[in-house]
Protein chains: 2
Amino acid sequence: MKIGDLSRLTGTRVETIRFYEKEGLIPAPSRTGGNYRVYDQAHLNRLSFIRRSRDLGFTLDQVRALLDLSDDHSRSCGAVDELAREQLRSVERKIEDLQALQRELASLLNQCSQGTIAECRIIEALAPG
Amino acid sequence: MKIGDLSRLTGTRVETIRFYEKEGLIPAPSRTGGNYRVYDQAHLNRLSFIRRSRDLGFTLDQVRALLDLSDDHSRSCGAVDELAREQLRSVERKIEDLQALQRELASLLNQCSQGTIAECRIIEALAPG
DNA sequence: CTTGACCCTATAGTGGCTTCAGGGTGCATA
DNA sequence: TATGCACCCTGAAGCCACTATAGGGTCAAG
């Protein structure tokens, strides 16, 4: 499998795959005579794992931790659980922050009566006073 | 007013104020004999405006646009309205994305029965198959 | 033998700051 | 007068997770 195939199979940009390799998240694959990277099923599995973790909002450091944990099958699942729980809390905090923003923006837009800047409620709300 | 005072009054880090100046968001203030920046009320107003805009999630480019618009009092408020509306849409999209994440994470955590990694539902959900 | 899709490396850029290294200023206190 | 300390200065690098760009090499088909 060449890097373009892996890219299509995982929906990851080619540059991102090379970036993950440089970051040590994916082991360096073997090369063809023409210096092309050659991947196998293990690489595909690992990259899929990384992508799903990223899609769930984990940072690359958290992904690293999850990869390490997933390798040690006899270990307790507690650390994984804690990472996921922390991530859930972080997502919930972000949602709350954004909802507060949403309310503020909606309220500003509600007051705008499309006149001139001089009487614009939005600018007024931003300006100090 | 020295940069530290402005920092305290607006809740902006000193380094960030200098960064805004370098970015052209705040005009370069005059200096004391000892080369300290000296700010006045106009600077305070402008920085407050920037911070409130940033708190509402506008990018620095959007803040630049808002600052330009706010200077032209006779102009129509339509452009401001459009910026705010765009920002609201963007916030709403982010909320939806995060809520989808929240559901996924919560569902994963719900399935975790705190055993070993080998039987961990979270790792399982991340691994391909 | 050329075209075009694909691959390679190395480096810089993105946004919005933050941190660091290495200094200078200014006021109060011993 | 010396010294300590809080504050200020500049310029450059670092952060995250990529993305983009420049400048080239490989390989199969027509």
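A, B, ... follow the sequence lines: proteins, then strands. Residue 1 opens every chain.
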Less than 4.0 Å between a side-chain N and a carboxylate O, is that true for [Y] and [X]?
| X | Y | value |
| --- | --- | --- |
| D97(A) | K94(A) | no |
| E124(B) | R52(A) | no |
| D81(A) | R85(A) | yes |

Spacing between [X] atom [atom1] and [N] atom [atom2], to the nearest angstrom:
| X | N | atom1 | atom2 | value |
| --- | --- | --- | --- | --- |
| I3(A) | dA5(C) | CD1 | C1' | 15 Å |
| R64(A) | dC16(D) | CZ | P | 9 Å |
| E21(A) | dC7(C) | CD | C1' | 13 Å |
| I50(A) | dC16(D) | CD1 | P | 17 Å |
| L25(A) | dC16(D) | CG | P | 13 Å |
| I17(B) | dT10(D) | CD1 | P | 13 Å |
| M1(B) | dC8(D) | CE | P | 12 Å |
| E23(A) | dG14(D) | CD | C1' | 13 Å |

State, with a plain yes or no, whether a side-chain heavy atom of F19(B) is found less than 4.5 Å away from one of L60(B).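 They are in contact (side-chain heavy atoms under 4.5 Å apart), so the answer is yes.
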I'd like to check I117(B) versus D71(A) (side-chain heavy atoms, cut-off strictly below 4.5 Å). Are they in contact?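 Counting from C-beta outward, I117(B) and D71(A) never come under 4.5 Å.
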Donor-acceptor contact below 3.5 Å, side chain S7(A) vs main chain T12(A):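 Pair found, side chain donor or acceptor close to backbone of T12(A).
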Taking only the side-chain nitrogens and oxygens of R37(B), find out if one of them lies under 4.0 Å from OP1 or OP2 of dC9(D).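 Checking R37(B) against dC9(D): at least one side-chain N or O falls below 4.0 Å of OP1 or OP2.
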In the 5'-to-3' direction, what one-character label does each nucleotide of nucleotides 17-27 of chain C receive under the scheme B = base within less than 4.0 Å of a protein heavy atom, S = sugar-phosphate only, - = no such atom? BSB----BBS-
